[in-house]
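One-based numbering along the sequence shown. Read the numbers this way: they start at 1 and go in the same order the structure lists the ligands and their atoms.
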Amino acid sequence: MLDDEAVESVYRILSHEMPGRTPDAKGPKGQPDAFRSCISCMLSAQSLDRNTAKASRAVFALATTPEAMLELDDRDIAAAIKPCGLYNNKTRSIRKFCETLLAEHGGVVPDTREGLMSLPGIGRKCADIVMSFTFGKDVIAVDTHVHRVCNRIGLTNAKTADRTAQQLEERTPEWALRDGHFWLIQFGKRVCTARAPKCPTCPVNDVCEFYAATRANS
Ligand code: SF4
């Protein structure tokens, strides 16, 4: 893994090269409130973005609160979210999530990681996404792009996205926490892409561990 000085340098470069958080950054998949952000994030498991969006639109046309969701028949929820797959499991998760949210939080989505992760169906990734986007907290949420980029560069050395998130929390300078997710995700889409990373022109190739290893082996 990179040392602290190199980590600082990577974030400095990304902060100049990539766009950060915008004032209108919304919840996962553009959802307008924490309840819908959590449900949408649950629906996104093993689903393409466009299918998640389709399922989210359909289910939120039926209900946008935990009370209203619980009044629906399971078959109606499952039919609405069918496009995102695993719809029977996801229907059960949605029901358990709504029941717990009402029983333990009065129907209000908590704004802490611990509170969010205490809800059925919400893991670290969803919790961090909701914290960052919906509640505007200084948290680097780790999706597939962020996970890939961090472990290539050497900001982290983790096999899972959850472990990457933990290491980022420990190693990211405080000034970079607010925009870090946004820089890293754009960098992953524009430069450090999954299949053909643009290493020769990459602005952090001086410190990148993946690039150093590739050159050493060529
Ligand atoms: S040098 Fe290549 S692998 Fe490393 S961060 Fe840049 S694009 Fe990604």
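The contact set between ligand 1 and Asn205, taken as ligand atoms under 4.0 Å from a residue heavy atom, comprises 1 (S). In the vicinity of Val204, heavy-atom distances shorter than 4.0 Å reach the ligand 1 atoms 5 (S). Counting atoms of ligand 1 from 1 in the listed order, those under 4.0 Å from a heavy atom of Ile153 are 5 (S). Residue Cys192 has at least one heavy-atom neighbour below 4.0 Å for each of these atoms of ligand 1: 3 (S), 5 (S), 7 (S), 8 (Fe).
The aromatic ring centres of His181 and Phe133 sit less than 6.0 Å apart.
With hydrogens left out, the protein atom closest to atom 6 (Fe) of ligand 1 is Cys202 SG, 2.3 Å, a heavy atom. Looking only at protein heavy atoms, the nearest one to atom 3 (S) of ligand 1 is Phe210 CD2, 3.3 Å.
Around atom OH of Tyr211, more than 12 heavy atoms belonging to other residues, nucleotides or ligands sit under 6.0 Å away. In this structure, Glu67 places its CD atom where more than 12 heavy-atom neighbours from other residues, nucleotides or ligands lie under 6.0 Å away.
In this structure, Arg21 fails the cation-pi test against Trp183, since its NZ or CZ atom is not both closer than 6.0 Å to the six-membered ring centre and inside 45 degrees of the ring normal.
Here Cys199 reaches atom 2 (Fe) of ligand 1: one of its N/O/S atoms is less than 2.8 Å from the metal. When distances to atom 6 (Fe) of ligand 1 are checked against a cut-off of 2.8 Å, Cys208 contributes no N, O or S atom below that limit.
Residue-level proximity to ligand 1 for Val149 is absent, since no heavy atom of it falls below 4.0 angstrom.
Distances from atom 7 (S) of ligand 1 to the heavy atoms of Pro197, Ala212, Pro200 show the closest one on Pro197.
Using a 4.0 Å cut-off between charged side-chain N and carboxylate O, Arg113 and Glu169 make a salt bridge. Checked for salt-bridge contact, Arg95 and Asp74 meet the test: a charged N lies under 4.0 Å from a carboxylate O.
Looking at Ser15 and Asp179, their side chains never bring a donor and an acceptor atom within 3.5 Å of each other.
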